[in-house]
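Take a look at the structure set out below.
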Amino acid sequence: MSVRSRETDETTMLGYPCMNRTLRDRDIPLRCNRDMRKATFEERGLPYASELAVQNLTDLYQILRWNLDEDIRFYRCTSTLVPWNSQFDLADLPDYDDIELLAQRCGRLIERHDMRFTFHPDYWCKLASTDDETVRRAVDAVEYHADWLDLMELDRSPYYGINVHIGATYGDKTATAERFRGAVKRLSPGARARLTVENDDEESLWSVPELVEEVGDEVGVPVVFDYHHHSFTDRGLPYREAFAQAASTWGDVRPATHYSEPARLHDDPDAKPQSHSEYVADLPEWLREQSDVMIEAGAKERAVLEMQTADEH
DNA sequence: AAGTGTCAAGCATTA
DNA sequence: TAATGCTTGACACTT
């Protein structure tokens, strides 16, 4: 069992999302988010998608190694790891055998070193949409993220989560929650076991207590507590209580949380309240002790490095 | 080489 | 009814 439970391991892990700016800015850039436009996909098709996937997975391994060297054991991978995967099955790629080996190599590194690895499909992954075709595409998106985790041979657990928002109300929250639960039930066991749901960043959308009641408790999808988002949807709940509610949906698995601070606090007084600052200064100790924290800051991995340096003093 | 407009996907808001 | 922003990186075309 490679998945850490809250009881057996209290080691805090801080992570960062997607792009590693240090490695991207090297003379030979390392990145795992190579993508292409529609016209290019139509022109060059599967062979080029396959080529980009090989390059992305090759670099992903190097990024994970760099993370390990820096003692950063939590990473959110981009959804363009295999570009245009909504249009084909992984096994259709000409380099499928290589891709499988590269994915397994990444998965082994993650498991061997107790790293945590997650995905966060983009905002158009709308599982609760009123449009059936949109739901079908959203289910498909969660499925191909799950395929990648299967290819890496990582456990089917929210520890290696695929995190989504509900992200809309469609004018009727009760009906929307019901549609979301319906979509969850359509997922394959491997995709469903990895799905997590995060509180939104607008007052009218989905708060932690709403998600816990409508999704966490009803269909067992763990709730990812986003500290900054909670300021927009607090429903009168203090941060610690909202986190405790979200944490109750994770069973024995150590919860994942998100932490960021407003740009208007540090960088730009005119920024939107939702905008993230470049660096963060006040991660609460209680959050750190009880969860693995994804630091969502403009400076990405540098923000985490800075926090680790601060720890040493 | 550097700068600019645009990009698969949904929704909510505004004009 | 149609355009726009969302978050952001990067493609693709221009200069």
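Letters A, B, ... are given to chains in the order of the sequence lines, protein chains preceding strands, and every chain is numbered from 1. Computed from a predicted model, the values in this text were never measured in an experiment.
- Contact record, A/Pro83 with A/Ala53: CD-N, 4.4 Å, taken as the closest heavy-atom pair.
- Comparing B/dG10, C/dA10, B/dA8 by their closest approach to the side chain of A/Arg24 singles out C/dA10.
- Contact annotation: A/Lys272 side-chain N/O to C/dT7 OP1/OP2 distance is under 4.0 Å.
- When rounded to the nearest whole Å, the span between CG of A/Asp122 and C1' of B/dA8 equals 11 Å.
- Here the rule is ring pair (Phe, Tyr, Trp, His ring centres under 6.0 Å) with A/His230, and of A/Tyr239, A/Trp206, A/Phe243 only A/Tyr239 fits it.
- Where A/Arg21 and A/Ala39 each meet DNA chain C at their nearest nucleotide, the meeting point lying more 5' is that of A/Arg21.
- In this model, the phosphate group of B/dC11 is approached by a side-chain N or O of A/Tyr170 to a distance below 4.0 Å at OP1 or OP2.
- Ring geometry for A/Trp66 versus A/Tyr16: interplanar angle over 60°, hence perpendicular rather than tilted (30 to 60°).
- Side-chain proximity of A/Ala168 to B/dA12, C/dG9, B/dG10: nearest is B/dA12.
- By the 4.5 Å heavy-atom criterion applied to side chains, A/Leu102 and A/Thr58 are counted as neighbours.
- Under 4.0 angstrom from either OP1 or OP2 of C/dC13 there lies no side-chain N or O belonging to A/Arg37.
- Aromatic stacking is not marked for A/Trp124 over B/dA8, as the cut-offs of 5.5 Å for the centres and 30° for the planes do not both hold.
- The six-membered or imidazole ring of A/His145 lies away from that of A/His120, with a centre-to-centre distance of 6.0 Å or more.
- We find that NE2 of A/His258 is positioned 15 Å from P of C/dT7, with the value rounded to whole Å.
- For A/Arg31 and C/dA10, the shortest distance from a side-chain N or O to OP1 or OP2 is below 4.0 Å.
- Regarding contacts with the backbone of C/dG9, every side-chain N or O of A/Arg34 stays at 4.0 angstrom or more from both OP1 and OP2.
- Across all strands shown, C/dC6 pairs with B/dG10; the Watson-Crick or G-U wobble distances both stay below 3.5 Å.
- With hydrogens and angles ignored, no donor-acceptor pair closer than 3.5 Å exists between the side chain of A/Thr169 and the base of B/dA12.
- The side chain of A/Ser129 contributes no N or O atom lying less than 4.0 Å from OP1 or OP2 of B/dG10.
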